[in-house]
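Note that ligands are numbered from 1 as they come in the structure, with each ligand's atoms numbered from 1 the same way. Scope of the values below: all heavy atoms of this structure, side chains included, with no hydrogens, waters or symmetry mates. Owing to the predicted nature of the structure, the values given are computational and were not obtained by experimental measurement.
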Amino acid sequence: MNNQPTIEAFNSFYRQGMEQYNAGDLAGARSSLLKAAELANKISVGAGSYDVRMEYHRQAAKLLDFIKGPCTHPAPKVPAAKEEESAPEIKPEKGGAITFADVAGLQDVKDQIRYKVLEPLKNPELAAVYKIEPGAKILLYGPPGTGKTFIARAIAGEVDAAFYAVNCQDLISKYMGDSSKKLDALFEKAQDNERAIIFFDEFDSVASRRGDGSDGVDAEMARFVATFLTKVDGFKKSKTNKMLLLIAATNRPWALDPAMLRGGRLDTHIYVGVPDLAARKFLVNKVLKGLPLEDDVDLAKLADALEGYGGGDITAICEKIKLNAYMRSLKAGSAQKISREDCNSVLINSHNMITPADLAKFQKFRSGQSIG
Ligand SMILES: Nc1ncnc2c1ncn2[C@@H]1O[C@H](COP(=O)(O)OP(=O)(O)OP(=O)(O)O)[C@@H](O)[C@H]1O
Ligand SMILES: [Mg+2]
């Protein structure tokens with residue numbers, strides 16, 4: 001399928017939306033960006049390759065997050081650009097905005113953090129009996145939109161520590177030739193804190209066994225991998241730091257350099273899969289519970305119908321259902337209840353990003369089989 005016209009339309013709505021946002025037209029920006037998100041979703045559904053599919057899925061999810069978050073406030077004034085002598089350093093973020101209470105399911109991740117970090121920090125004497133030091137090196141892997149990035153942020157909200165978030169895709173594109181230096185500086189900085197979390201998102205961008213075929217990227221990745229391994233292997237030598245939690249997230253775990261995943265490195269591998277019924281109910285309720293609903297709208301049934309969808313898609317579907325009723329209300333001039341038709345029209349047009357073939361690929365990886 002030729003996606004090119006849709007990609008051009010996506011780019012155009014995206015540009016228009018960002019211009020409107022920067023000019024202070026928030027309603028216009030939301031409408032253009034929503035259109036861009038829908039187009040990204042469409043491109044993603046029609047894409048032949050897994051990577052293109054994921055890339056546009058990710059774009060759609062990011063746009064929806066932007067529409068719900070920053071796009072409800074005017075754009076911050078950007079100070080006049082200063083000449084920078086070197087690339088800016090990665091600064092710790094404040095945790096606390098989201099916690100485990102906001103995360104549906106993913107009990108495995110929550111448990112590991114409890115046993116390896118929270119409890120040893122709370123009761124060091126007991127941990128010492130078993131020679132357990134607080135900290136962990138965790139790889140979160142699973143299909144797109146299942147909450148890997150979201151739970152990493154929730155961990156930052158749970159653990160009182162400096163949180164350094166690294167978007168690996170940005171790291172390698174912005175600091176080409178410099179990414180391993182950045183990584184070096186990042187570990188140094190993190191070690192100055194008594195407790196630190198370093199989160200490598202989209203880890204496959206920098207830690208693949210092979211790059212995209214171009215020599216520059218391959219060489220960059222090789223340097224990054226070498227620095228990462230040195231830093232992780234040498235970590236215990238720091239005196240100031242009492243706790244380091246390393247988390248890496250990827251939706252292409254089979255692409256990672258296996259050296260990253262051995263014992264002592266990212267050795268706790270946790271699969272982040274599609275939510276079970278309880279988690280789907282949690283997600284549906286989070287968006288739709290407490291809103292005006294027609295009697296024939298049953299949120300439990302909606303959660304049931306969303307079996308197999310990732311948490312990001314479920315949230316986006318519920319947001320669209322809500323938006324349908326809101327748009328009808330704007331036309332009617334008064335609040336209209338969310339109807340079955342609002343739900344059905346969204347469900348009919350929603351294609352699940354995560355296919356059975358994708359799930360089978362993850363299943364194969366989990367059971368240690370090689371992925372062709
Ligand atoms: N288990 C969950 N609990 C609560 N919200 C979730 C969950 N899973 C997904 N979401 C919602 O979906 C959005 C997208 O999820 P997120 O970006 O964390 O997925 P991801 O696994 O990191 O995807 P990718 O592999 O594409 O990076 C989140 O911002 C959150 O709103
Ligand atoms: Mg993510």
A side-chain contact here means heavy atoms from C-beta on lying under 4.5 Å apart; do E319 and K322 qualify? yes

Before signing off on this row, confirm whether [X] and ligand 1 have an N or O atom pair separated by under 3.5 Å.
X	value
G142	no
K148	yes
T146	yes

Distance alone, cut at 3.5 Å: any donor-acceptor contact between the side chains of D204 and T250? yes

Check whether K110 reaches the backbone of G105 with its side chain - one donor and one acceptor, N or O, closer than 3.5 Å. yes

Determine whether a donor-acceptor pair (N or O, by modelled atom type, separation under 3.5 Å) exists between the side chain of T146 and the backbone of V272. yes

Locate the shortest heavy-atom distance separating [X] from [Y]; write the atom from each residue and the value.
X	Y	value
G310	N352	N-OD1, 4.5 Å
R30	T72	NH1-CA, 3.9 Å
A303	R280	O-NE, 2.7 Å

Counting heavy atoms only, which part of I151 comes closer than 4.0 Å to ligand 1: side chain, backbone, both or neither? neither

Going by the 4.0 angstrom heavy-atom rule, the piece of A61 near ligand 1 is neither

For [atom], find the nearest protein heavy atom and state the residue, atom name and distance (0.1 Å precision).
atom	answer
atom 2 (C) of ligand 1	A104 N, 3.7 Å
atom 13 (C) of ligand 1	G312 CA, 3.8 Å
atom 30 (C) of ligand 1	F150 CD1, 3.7 Å
atom 23 (O) of ligand 1	G145 N, 2.7 Å
atom 29 (O) of ligand 1	D65 OD2, 3.5 Å
atom 17 (O) of ligand 1	T149 CB, 4.0 Å

Looking at [X], which atoms of ligand 1 are within less than 4.0 Å of one of its heavy atoms?
X	result
N251	24 (P), 25 (O), 26 (O)
G147	8 (N), 9 (C), 15 (O), 16 (P), 18 (O), 19 (O), 20 (P), 21 (O)
P144	23 (O), 24 (P), 25 (O), 26 (O)
L283	3 (N), 4 (C), 5 (N), 6 (C)

Measuring from atom 11 (C) of ligand 1, which candidate in V272, T315, T250 has the nearest non-hydrogen atom? T315

Inspect the surroundings of CZ in F66 and state if more than 12 heavy atoms from other residues, nucleotides or ligands are less than 6.0 Å away. yes

Does NZ belonging to K181 count more than 12 external heavy atoms closer than 6.0 Å? no

Is any protein N, O or S atom closer than 2.8 Å to the Mg ion (ligand 2), and if so, which? T149 OG1

Please confirm whether L140 approaches ligand 1 to less than 4.0 Å, judged on its heavy atoms. no

Begin from the C-alpha positions of S339 and E341 and carry the test side chain to side chain donor-acceptor pair (under 3.5 Å) through to its verdict. CA-CA 5 Å; S339 67; E341 174 52 26; over 6 Å; no

Quick one: are the ring centres of Y141 and Y271 less than 6.0 Å apart? yes

Using the ring of each side chain (for Trp, its six-membered ring), is F228 parallel, tilted or perpendicular to F200, with breaks at 30° and 60°? perpendicular

Only one of K116, K242, R195 passes side chain to side chain contact (heavy atoms under 4.5 Å, CB included) with L121, and that residue is R195

Taken in chain and number order and not counting sequence neighbours, the residues that satisfy ring pair (Phe, Tyr, Trp, His ring centres under 6.0 Å) with Y309 are none

